[in-house]
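In what follows, a single structure is set out as structure tokens and then discussed.
Counting convention: from 1, in listed order, for ligands and their atoms alike.
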Amino acid sequence: MLKDIVLAEGSGFCFGVKRAIDIAFDVAKKHKDGVFTLGPIIHNPQVVEKLKDLGVYPIDDIYGQNIKTLIIRAHGIPKEKFEEIKKLGIEVIDATCPFVKKAQNLAEKLASEGYQVLIIGDKEHPEVKGIFSYAGEKAVVISSDEFPILNKKIGIIQQTTQPMSKVKEIVSKIVNSHNEFEEIRIFNTLCNFTSRRLETTEKVAKQVDVMIVVGGKNSANTTQLAKLCKSIGVKTYHIEDAQEIDKEWVESAKKIGITAGASTPQWIIDEVIDKIKKFTN
Ligand code: SF4
């Protein structure tokens, strides 16, 4: 049976991830040893392995290693860590995504102007930990309109990958059901790449029998894509690479959709498409 394979538009590397990877490969060419990234440069194990082959290693801690050059990943790192690294005299190459940088800068500015900073997001996510470190003592990471009120002036920003619908819901509750604030400032720090990919994925998921979501199992935005597809009711499989595809998933489907997270390289997407074609032709 001939199958239709539909790839969601904008699948794969986003601008910030591509930029971080390009920087890392460039550094690997110029520096022969002592190059590390603090945490994996992006949430994709295959890319991290490729970089290891070129001498760029991920580390969890800056101590106990002979670090000459340290690349800061796309998600950014906490301010205190940045300062600690600089004090050690390590060459820092900052590949923090400009959208994340914008959220960090806004957090710092709002805090310095006396606002209690509210960050809508997942407090365990590295990007949020980084933004939070710039947001002053009264900052709170929130996922609803309930939070400790420590100031009459609040500034609201978001983790770049939060869904717009969730942000709108929380912001509208804060604005409409709290009257204790003198001033509320709201900034949009969401990343268009993420919302665009969610839109194109939804469009594809609504017209296929099976969705294959490609990307690191530890990637928040890939997990979000898989969750979205499942919520639409389409049979969804989240895989990291082509090897994981089971023939049974695709052989009886008439139309198969594919989407991929922001840290999934094009070569992995191509391998997935080839494997599906092999199983279904
Ligand atoms: S998803 Fe957006 S914010 Fe995150 S790295 Fe990519 S471009 Fe930057």
Side-chain angles (χ1 to χ4, degrees), residues 7-27 37-48 51 56 58 71-79 81-82 92-108 117 119-135 141 156-167 187-202 213-229 238 240 259-266 268-269:
L7 177 64
E9 239 178 78
S11 289
F13 279 176
C14 61
F15 155 78
V17 164
K18 182 169 183 321
R19 181 176 169 275
I21 295 296
D22 288 348
I23 290 173
F25 278 93
D26 196 48
V27 173
T37 63
L38 195 53
I41 183 108
I42 60 166
H43 281 154
N44 185 283
Q46 289 79 8
V47 172
V48 171
L51 277 168
V56 180
I71 305 168
I72 306 298
R73 63 193 171 193
H75 285 321
I77 56 167
K79 188 180 178 185
K81 202 59 160 180
F82 218 113
V92 179
I93 298 188
D94 190 3
T96 307
C97 172
F99 292 110
V100 177
K101 206 76 185 166
K102 176 185 153 189
Q104 291 177 348
N105 291 341
L106 261 171
E108 193 163 38
V117 179
I119 306 160
I120 300 176
D122 167 8
K123 67 175 193 276
E124 297 306 325
H125 193 282
E127 177 196 312
V128 176
K129 287 184 178 169
I131 297 170
F132 182 76
S133 70
Y134 285 86
V141 180
I156 306 174
I157 57 174
Q158 311 85 37
Q159 178 181 359
T160 56
T161 48
Q162 288 291 294
M164 176 60 102
S165 54
K166 182 178 164 192
V167 171
F187 293 88
N188 180 353
T189 56
L190 297 178
C191 158
N192 284 340
F193 285 86
T194 308
S195 50
R196 175 96 189 95
R197 189 181 295 103
L198 284 166
E199 274 168 30
T200 58
T201 296
E202 182 173 356
V213 181
V214 194
K217 299 259 164 71
N218 58 350
S219 151
N221 77 84
T222 312
T223 312
Q224 199 181 353
L225 291 174
K227 219 165 125 189
L228 170 73
C229 297
H238 178 175
E240 287 193 345
T259 188
S263 26
T264 310
Q266 188 59 43
I268 292 187
I269 300 174

Quick check: does C97 put an N/O/S atom under 2.8 Å from atom 6 (Fe) of ligand 1?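 No - counting backbone and side chain alike, C97 has no N, O or S atom under 2.8 Å.
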Near [X], which atoms of ligand 1 are under 4.0 Å from a heavy atom of that residue?
X    : result
G16  : 5 (S), 6 (Fe), 7 (S), 8 (Fe)
T160 : 3 (S)
C191 : 1 (S), 2 (Fe), 3 (S), 7 (S)
T194 : 1 (S)

Any side-chain donor paired with an acceptor under 3.5 Å for E127 and T160?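 Short answer, yes.
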For E124, is there an ion pair with K129 - N to carboxylate O distance below 4.0 angstrom?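 Salt bridge between K129 and E124, a charged N being under 4.0 Å from a carboxylate O: yes.
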For the residue pair F99 and F15, does the interplanar ring angle fall in the parallel (under 30°), tilted (30 to 60°) or perpendicular (over 60°) class?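 Rings of F99 and F15: perpendicular, over 60°.
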Nearest non-hydrogen protein atom, atom 6 (Fe) of ligand 1: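 I find the closest protein heavy atom is C14 SG, 2.2 Å.
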Determine whether more than 12 heavy atoms belonging to other residues, nucleotides or ligands lie under 6.0 Å from atom NZ of K227.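 No, not enclosed.
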Residue pair Q104 / G130: nearest heavy atoms and the distance that separates them: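 Where Q104 meets G130 most closely, the heavy atoms are NE2-C, 4.4 Å.
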